[in-house]
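Below is one structure, written out as structure tokens; the observations come after it.
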Amino acid sequence: MQIPAPFDYVRATTVDNALELLTRHGPDSRIIAGGHSLLPMMKLRLARPEWLIDINDLYELDYILRDGGELRVGALTRHTTLLEADEIAELFPIVRDAEQVIADPVVRNRGTIGGSLCQADPAEDLSTVCHVLGAVAVVRGPAGERTLTMPEFHRGPYQTAVGQDELLCEVRFPIRPRTGSAYEKVERRAGDWAVGAAGAAVTLAEDGSIADAAVGLTALGLDQTVAGVAGLLRGKHPSEELFADAGRLAAEASDPVADQRGPVDYKRHLADELTRRVLRRACARAAQTAAQTQEG
Amino acid sequence: MTVINERESNPAAGDPDRPIGYGRIQRKEDPRFVRGKGNYIDDLVLPGMLHGAILRAPVAHARLVSIDTTNALSHPKVLAVITGKDLEGLKLAWAPTLSADVQAVLVTDKVRFQGQEVAFVVAEDRYAARDALELIDVEYDVLPPLVDARKALDADAPVIRDEIPGRTDNKIFDWEIGSAAETDAVFASADVVVSQEVVYPRVHPAPMETCGAVADFDPVDGKLTLYETTQAPHAHRTLFAIVAGIPEHKIRIVSPDIGGGFGNKVGIYPGYILAVVGSIVTGRPVKWVEDRSENLMSTSFARDYIMQGEIAATKDGKILALRTNVLADHGAFNATAQPTKNPAGFFSIFTGSYDLQAAYCKVTGVYTNKAPGGVAYACSFRVTEAVYLVERMVDVLARKLEMDPAELRLKNFIKPEQFPYANKTGWVYDSGNYEAAMRLSMELAGYEDLRREQQEKRAKGELMGIGVAFFTEVVGAGPRKHFNIVGLGMADGAELRVHPTGKAVVRLSVQSQGQGHETTFAQIVAEELGIPPENIDVVHGDTDQTPFGLGTYGSRSTPVSGGAVALVARKVREKAKLIAAAMLETRPEDLEWEKGRWFVKGDPTAGKTIEDIAMAAHGTLTLPEGVDGNLDAEVTYDPPNLTFPFGAYICVVDVDPGTGHVKVRRFIAVDDCGTRINPMIIEGQVHGGLTDGVGMALMEIIEFDADGNNLGGSFMDYLIPTAMEVPDWETGFTVTPSPHHPIGAKGIGESATVGSPPAIVNAVVDALAPFGVVHMDMPCTPARVWAAMQGRARPPV
């Protein structure tokens with residue numbers, strides 16, 4: 001049994017209450033939701049919060065809502081819920097792709113989208129998903145609510161714009177017609193952190209050419225989307241040559257570090273290989289969606 | 001009354017779904033496990049029990065400058081803090097290992113691996129014990145570590161064991177076997193010689209339950225009761241008597257339910273000794289249970305063999321000789337558990353399943369700044385490394401000769417009529433029909449179809465691999481004249497008592513870690529006496545209640561204790577015959593046995609069941625002269641030879657050409673373990689071992705960085721396979737009984753762990769053949785497979 005350092009624990013009853021508790025207990029308090037990152041770190045005594053503020057009773061943050069042109073997802077929504085939601089799979093197939101390879105069912109039953117984004121582990125999958133889908137994070141604090149784009153929200157490995165006294169409450173995904181998305185990960189074993197992964201979202205124009213595109217990488221040393229992908233692809237029809245060009249761009253943009261999961265050259269190769277794969281799949285899905293829209 | 005009616009009333013004739021004897025019955029121990037009613041070390045709570053925690057070294061190699069325990073001792077819940085200096089006073093700072101070396105219980109002079117034991121805290125609860133570790137102030141003077149075994153013998157390598165007077169290098173031993181000259185001669189005249197370095201990286205047994213103990217020393221009568229996670233309770237009792245100086249009759253070792261061992265729970269770890277010291281010092285019971293990181297970083301690892309293999313053959317594929325030179329990394333202390341005079345254990349079985357003209361090997365063992373151990377993880381004392389080497393070398397040769405690997409094996413197998421077969425390194429294989437097992441495996445796999453499919457896939461750029469491996473295991477150590485552990489012979493005792501109502505209890509020296517002993521051994525008694533298995537209690541794991549024997553490891557329980565149990569049951573049967581004769585007022589030689597009863601030859605209606613006889617034995621019957629009034633017996637079985645299980649494995653993999661990811665699509669395992677007692681338990685053992693094999697082949701490795709930091713210290717870093725990585729196992733079997741074993745059984749526990757890694761690696765290498773890959777070392781992770789595809793395969797260490 002691994003034993004964390006001593007800490008105190010309190011269950012928040014509402015979002016307002018959680019914010020009060022954060023203010024009251026200050027910088028040595030931490031929010032706990034699914035706990036699958038924080039608790040192992042505490043057991044290894046790498047994290048030593050004095051207070052844990054448990055937000056698992058905040059059912060007000062556990063929802064998936066379609067609201068006009070946006071899909072709003074509460075920060076306490078569990079991975080399993082995201083995985084199983086057919087509406088999400090239809091609108092954003094990348095989410096189901098990613099959720100299928102996030103850890104294992106035990107972790108997915110507890111882990112939350114908010115926890116994943118706030119942990120901002122470089123090998124964390126949903127940050128990449130949110131980046132390529134152009135998601136917006138809704139953060140609340142003593143000063144009220146603010147919305148942040150993913151580049152504003154996600155500042156780097158283990159770093160976000162969420163202040164110590166703030167709480168991520170919601171993630172909003174813009175719904176775009178004629179759009180497809182996809183995610184693919186390479187791991188040494190189910191449930192291991194990614195050796196590398198890539199996600200893509202592609203919007204097609206009416207003539208079948210690419211109107212917009214984004215590619216993101218996971219665990220490959222790139223915190224934002226691959227710059228220049230949209231510029232490279234826009235106005236062109238999907239083709240293997242085009243995907244290969246985008247793959248090269250992604251490999252160049254990646255900045256992986258060598259570890260037990262693999263050396264730098266392999267990880268760069270994955271940036272290329274996986275980018276081509278997810279673009280191929282995202283384009284096919286976008287074309288399918290566009291065809292369905294036309295039929296409808 | 002007819003004979004048929006009489007037989008129907010005999011329960012032993014019984015229901016095929018509830019065999020009285022061998023057959024597929026559910027495990028007797030499972031009801032308690034599936035109900036969560038198992039009783040493991042950590043479930044044990046004794047009145048007044050305290051808790052211990054170990055402070056471990058954060059670095060791999062350092063002089064210990066000072067330890068200050070003042071702050072820890074001032075913690076309100078701490079009762080004692082024990083350091084190496086305290087143990088020196090008790091002459092317990094160093095303990096003998098199982099390989100004639102010593103190991104530090106707590107560091108006195110120098111840290112020799114990361115995670116080594118530095119101090120022991122005893123506190124009121126586990127939380128306080130853990131917190132107090134942070135209050136101990138230790139000053140280290142860090143030394144350059146020796147991490148790479150290949151550099152261990154360099155002139156400028158740091159000397160790890162400088163506490164041994166006169167020691168100036170890191171060599172533990174040089175050992176050789178076979179004839180170098182004869183082997184050289186065969187190599188010199190061979191048409192074809194291929195060589196290949198083959199590395200079996202350091203892996204860890206990683207049982208689900210970590211190691212632990214509860215020590216309860218009674219200061220009044222001086223008796224120590226030690227509850228431990230041990231696979232060998234009796235051996236531990238004797239060793240504790242020797243090490244701690246407590247008289248052996250004042251030591252009781254209890255090994256409760258064990259959550260997996262795989263060799264990890266053979267040795268005596270510092271934690272066990274520290275729990276005992278803690279109990280003696282405080283006068284109260286002390287529990288110590290290590291956490292996952294402690295288990296992975298400090299307890300017995302496995303493998304870590306760098307093997308240079310050479311194989312000689314004729315150009316038409318007759319294998320002539322094998323030669324190998326091995327560099328063995330034993331870590332900081334030589335704590336290998338193995339029962340021979342050979343420091344490489346059973347590695348000399350590297351001649352495999354083939355009829356060779358000559359063989360030779362040399363093994364050099366070295367110290368490094370890594371955890372000690374060396375033999376663990378279902379390896380049958382290094383058979384795992386031996387089989388991996390020979391099965392890789394045969395595949396390398398097949399590639400060179402452009403022969404099918406199955407065909408090459410079939411051409412070179414030892415033939416059934418050659419058994420008993422004396423190999424070139426001193427083993428006498430008991431029995432085998434290798435070709436039959438190989439052909440069955442190929443038939444189950446659809447081998448020809450698979451090769452056709454592979455051709456079609458290759459034409460499309462898809463990477464499919466078919467791996468073949470054939471292994472000969474050597475288990476059941478062993479005959480007293482050849483095998484011992486620290487001077488203790490390897491014969492096993494067994495005691496059987498049949499109660500007046502015909503129910504029975506059998507007492508064993510071996511200790512189950514999940515193998516199903518309570519079922520298997522009951523079935524052996526059932527087969528011999530006709531008492532239903534559910535009416536036979538199996539007692540094990542308590543030295544005060546069981547006869548002496550050396551424990552469960554090296555797949556020895558069925559070969560050794562299984563023989564003992566069959567013989568003790570036969571002894572009871574013979575005694576029952578004398579009593580039955582008295583009951584029937586006839587002569588013993590006029591009686592005939594059928595399962596469960598003795599009856600008069602020629603008059604099957606005149607008979608007595610074992611129940612009748614048991615009651616009469618304990619009743620008022622006038623017993624024949626020399627027959628005691630019970631139906632009990634005991635034996636100690638000294639096996640005449642080891643047993644040699646074997647198997648033919650075929651693995652099919654698909655490799656993603658873009659990512660190097662390996663998917664094990666199919667795995668066909670044909671095992672021959674001789675007589676099969678409970679096929680369901682055998683299949684379970686095989687499934688577990690195959691899963692182990694997938695782990696080692698694809699993901700498991702304990703790596704160290706240049707500073708000697710262990711990079712496999714948690715299950716986040718040390719990967720073990722999940723259901724997602726393994727296919728549906730396809731198993732088959734042949735039965736070639738051991739001619740010398742009382743029931744012909746050979747043992748199955750480690751066969752699949754031994755045989756599966758080469759099958760999987762051979763499949764991966766086969767898949768990569770279009771890239772010219774002849775060999776790659778484990779683990780076959782995506783990155784390493786991709787590197788091999790680029791022509792940059794590299795050893796893992």
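In what follows, chains are A, B, ... by sequence order, proteins preceding strands, each numbered from 1.
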Side chain from CB out, backbone as N, CA, C, O: work out which of these in [X] comes under 4.5 Å of a heavy atom of chain A, or both, or neither.
{"X": "B/Pro779", "answer": "neither"}
{"X": "B/Asp656", "answer": "side chain"}
{"X": "B/Ser293", "answer": "both"}

Under 4.5 Å from any heavy atom of chain B, what part of [X] do you find: side chain, backbone, both or neither?
{"X": "A/Val195", "result": "neither"}
{"X": "A/Arg261", "result": "both"}
{"X": "A/Asp259", "result": "neither"}
{"X": "A/Ile3", "result": "both"}
{"X": "A/Glu273", "result": "side chain"}

Who wins among [options] for the most heavy-atom pairs under 4.5 Å with chain A?
{"options": "B/Met699, B/Met724, B/Gln790, B/Arg784", "value": "B/Met699"}
{"options": "B/Asp717, B/Thr781, B/Asp131, B/Leu698", "value": "B/Asp131"}
{"options": "B/Ile720, B/Asp705, B/Asp42", "value": "B/Ile720"}

query = Can you name the one residue among A/Thr128, A/Asp97, A/Thr218 that meets side-chain hydrogen bond (donor to acceptor under 3.5 Å, both in side chains) with A/Tyr183?
reply =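 Looking at A/Thr128, A/Asp97, A/Thr218, the match for A/Tyr183 under the side-chain hydrogen bond (donor to acceptor under 3.5 Å, both in side chains) is A/Thr218.
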Closest-packed option against chain B by number of heavy-atom pairs under 4.5 Å, given [options]:
{"options": "A/Ala190, A/Pro4, A/Ala5, A/Pro263", "answer": "A/Ala190"}
{"options": "A/Leu274, A/Asp192, A/Asp265, A/Val186", "answer": "A/Asp265"}
{"options": "A/Glu187, A/Lys43, A/Gln260", "answer": "A/Gln260"}
{"options": "A/Arg48, A/Arg276, A/Lys267", "answer": "A/Arg48"}

Problem - Residue pair A/Glu50, A/His25: steps toward the side chain to side chain contact (heavy atoms under 4.5 Å, CB included) verdict - result: CA-CA 8 Å; A/Glu50 288 184 6; A/His25 297 302; over 6 Å; no
Item to complete: Classify the angle between the aromatic ring planes of B/Trp288 and B/Tyr272 as parallel (below 30°), tilted (30 to 60°) or perpendicular (above 60°).
Response: perpendicular
ask   = Parallel, tilted or perpendicular: which fits the ring planes of B/His204 and B/Tyr718, with parallel below 30° and perpendicular above 60°?
value = perpendicular
Q) Is the count of non-hydrogen atoms from other residues, nucleotides or ligands lying under 6.0 Å from B/Tyr127 atom OH greater than 12? A) no
message = Please check if the number of heavy atoms outside A/Arg277 that lie under 6.0 Å from its CZ is greater than 12.
response = yes
- Under 6.0 Å from the six-membered ring centre of B/Phe301 and within 45° of its axis: does the NZ or CZ of B/Arg202 meet both?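 Cation-pi check for B/Arg202 and B/Phe301: passes.
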*asked:* As a quick check of understanding, evaluate side chain to side chain donor-acceptor pair (under 3.5 Å) for A/Gln119 and A/Ser116, giving each step before the final call.
replied: CA-CA 5 Å; A/Gln119 178 67 16; A/Ser116 290; over 6 Å; no
- Item | No-hydrogen, no-angle side-chain donor-acceptor test under 3.5 Å, B/Ser298 and B/Arg56 |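 A donor-acceptor contact under 3.5 Å links the two side chains.
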Shortest non-hydrogen pair, B/Arg292 vs B/Pro207, comes out as NH1-O, 2.8 Å
